[in-house]
Amino acid sequence: MENKRPGINTICTHVGEIKDEQFKGAISPLYMSTSYAYEDVEVLRYPRYFNTPNQEALGKKVAMLEKCEAGMIFGSGMAAVSTTLLAFLHKGDHVVVQKTIYGGAYNFIVEEFPKYGIEFDFTEGFSEEDFKSKIKENTKVIYVETPSNPLMLITDLEMITNLAKPKGIVTMIDNTFASPINQTPIDFGIDIMIHSATKYMGGHSDICAGAVAASEEHILKIWNVGKNLGGSLSDYTVWLLERSMKTMAIRVRAQNQNAKKMARWLQNHDLVKKVYYPGLKDHPSYALAKKQMKGFTGMLSFEVHDEVDLNQFMKSLKLIKQSMSLAGVESTILVPAKASHFLLGEEERAKQGISENLMRFSVGIESTKDLKEDITQAFNSL
Ligand SMILES: *Cc1c(COP(=O)(O)O)cnc(C)c1O
């Protein structure tokens, strides 16, 4: 990247695009071939080698968005998470994992690592001491996710790098909630960025995909394991994801703005007890979020007072949909205690500060006037 870095919307729209030399079309052609010549070629191409023309092209866009040398596209966020972790952890190795991470990643570690003889420890919290105290002689990886789900707590990325670098520990972040628009962790020395592209990269709740960005050297390691595990994405979906990513910066910034407006509005609502949004000055991680993020995301959580019948409230919403997933252009809402964090149990939820009255709100791009109206009529129906 000796050239000046293009603006974010130019990267989203153009970087990695395939020139249509034959027909001079405006967009990347879609190459669905699963079979390519093997003689007189520079590379052996095959979908599971993550190197079809469309896979390679989109990998370049992800890499530049994350300011990294290389990128890879996966069949799901979990394919990206599992392949990346297994590329750096071998039998007898140890990994320090942040306390609150995506449920699927937690399950993968807890259920699969014992079979591979990989040791792991979860931190007690988010502080330097919490991470430092878990590092052992055989620690090879520190794995974090920030902002965390659903309370939007922030992990200090510079602190993580300072702990890891002197010991030669590889650092990985699940950067899904922030998206590369709001956070580029390499700025703080993090080695490997992982995404569920099902969320902000796809952005329309119609694509399941994953992505990783890192140095050439690290990506080669991930590729070596990836081709064996087979978590590649079909070229048709890669092509659709490229289309989605052209508008990612515009979408995410609109969602940032909407979420901030909704957070402030909810904060002043009589029936709302507490709002968790890192862009609010009273959020415990506000200073840290301001330091390491460019925007505060479209995700927020809010707790309602005990007298509110959550079931009734959720059922009364007309515009905002109840949904397990997040980050689409449409606003969605979920009760963590009943969905994403149900399996944790009430005791563990209480320990993590996740109240039974908490709602996670993925703010879309609709007019905030309509979102406010929807919430108001749902509260009024109680
Ligand atoms: C959804 C999600 C994942 C898993 O991604 P899939 O595409 O569902 O496999 C990982 N991390 C975070 C933070 C997520 O929200």
Side-chain angles (χ1 to χ4, degrees), residues 58 62 66 71-86 95 97-112 122 126 141 143-155 157 172-183 185 190 192-213 222 226 229-234 237-238 240-241 244-245 248 252 255 259 276 278 293 296-301 323-328 330 332-334 336 339-344 352 354 360-364:
L58 192 57
V62 169
E66 286 286 15
M72 264 172 85
I73 307 301
F74 286 85
S76 69
M78 278 313 300
V81 168
S82 56
T83 305
T84 305
L85 280 167
L86 290 178
V95 51
V97 186
Q98 179 186 303
K99 164 195 174 123
T100 49
I101 55 165
Y102 177 71
Y106 174 87
N107 291 339
F108 169 67
I109 290 167
V110 171
E111 290 171 16
E112 305 301 330
F122 289 91
F126 297 76
V141 171
Y143 183 95
V144 302
E145 180 181 319
T146 179
S148 74
N149 178 17
L151 297 179
M152 304 297 287
L153 296 170
I154 309 291
T155 312
L157 296 178
M172 298 177 187
I173 180 173
D174 183 331
N175 202 26
T176 301
F177 263 47
S179 89
I181 307 305
N182 287 327
Q183 180 167 273
I190 300 296
I192 302 175
M193 278 46 77
I194 306 172
H195 287 272
S196 167
T198 312
K199 313 297 164 51
Y200 283 111
M201 286 186 173
H204 296 74
S205 308
D206 54 7
I207 285 172
C208 180
V212 175
I222 298 164
L229 294 181
S232 57
L233 184 64
S234 114
T237 315
V238 170
L240 284 175
L241 183 57
S244 290
M245 286 179 64
M248 179 166 61
V252 168
Q255 285 168 291
Y276 299 86
M293 298 179 76
F296 301 112
T297 87
M299 301 298 301
L300 64 91
S301 292
S323 155
M324 273 294 270
S325 200
L326 56 110
E330 69 288 341
T332 60
I333 201 160
L334 149 162
S340 56
H341 295 69
F342 174 73
L343 290 176
L344 277 186
Q352 296 194 11
I354 301 167
R360 186 188 75 191
F361 186 10
S362 170
V363 184

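Whatever order the structure lists them in is the order used to number ligands and atoms, beginning at 1.
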What residues, two or more places apart in sequence or in another chain, satisfy side chain to side chain contact (heavy atoms under 4.5 Å, CB included) together with Thr100?
Gln98, Phe126, Ser148, Gln352

Return yes if a side-chain donor-acceptor contact under 3.5 Å exists between Glu66 and Asn175, otherwise no.
yes

Between Ser362 (side chain only) and Leu326 (backbone N and O only), is there a donor and an acceptor less than 3.5 Å apart?
no

Do the ring centers of Phe122 and Tyr106 come within less than 6.0 Å of each other?
yes

Summary of side chain to side chain donor-acceptor pair (under 3.5 Å) pairs that have at least one residue in residues 203-212, sequence neighbours excluded:
Ser205-Glu330

What residues, two or more places apart in sequence or in another chain, satisfy salt bridge (charged side-chain N to carboxylate O under 4.0 Å, His left out) together with Glu112?
Lys115

N or O contacts of ligand 1 with protein under 3.5 Å, please list pair by pair.
unit_1	atom_1	unit_2	atom_2	d
ligand 1	5 (O)	Ser196	OG	2.9
ligand 1	7 (O)	Gly77	N	2.9
ligand 1	7 (O)	Ser196	OG	2.9
ligand 1	7 (O)	Thr198	OG1	2.6
ligand 1	9 (O)	Gly77	N	3.0
ligand 1	9 (O)	Met78	N	2.8
ligand 1	11 (N)	Asp174	OD2	2.6
ligand 1	15 (O)	Lys199	NZ	2.6

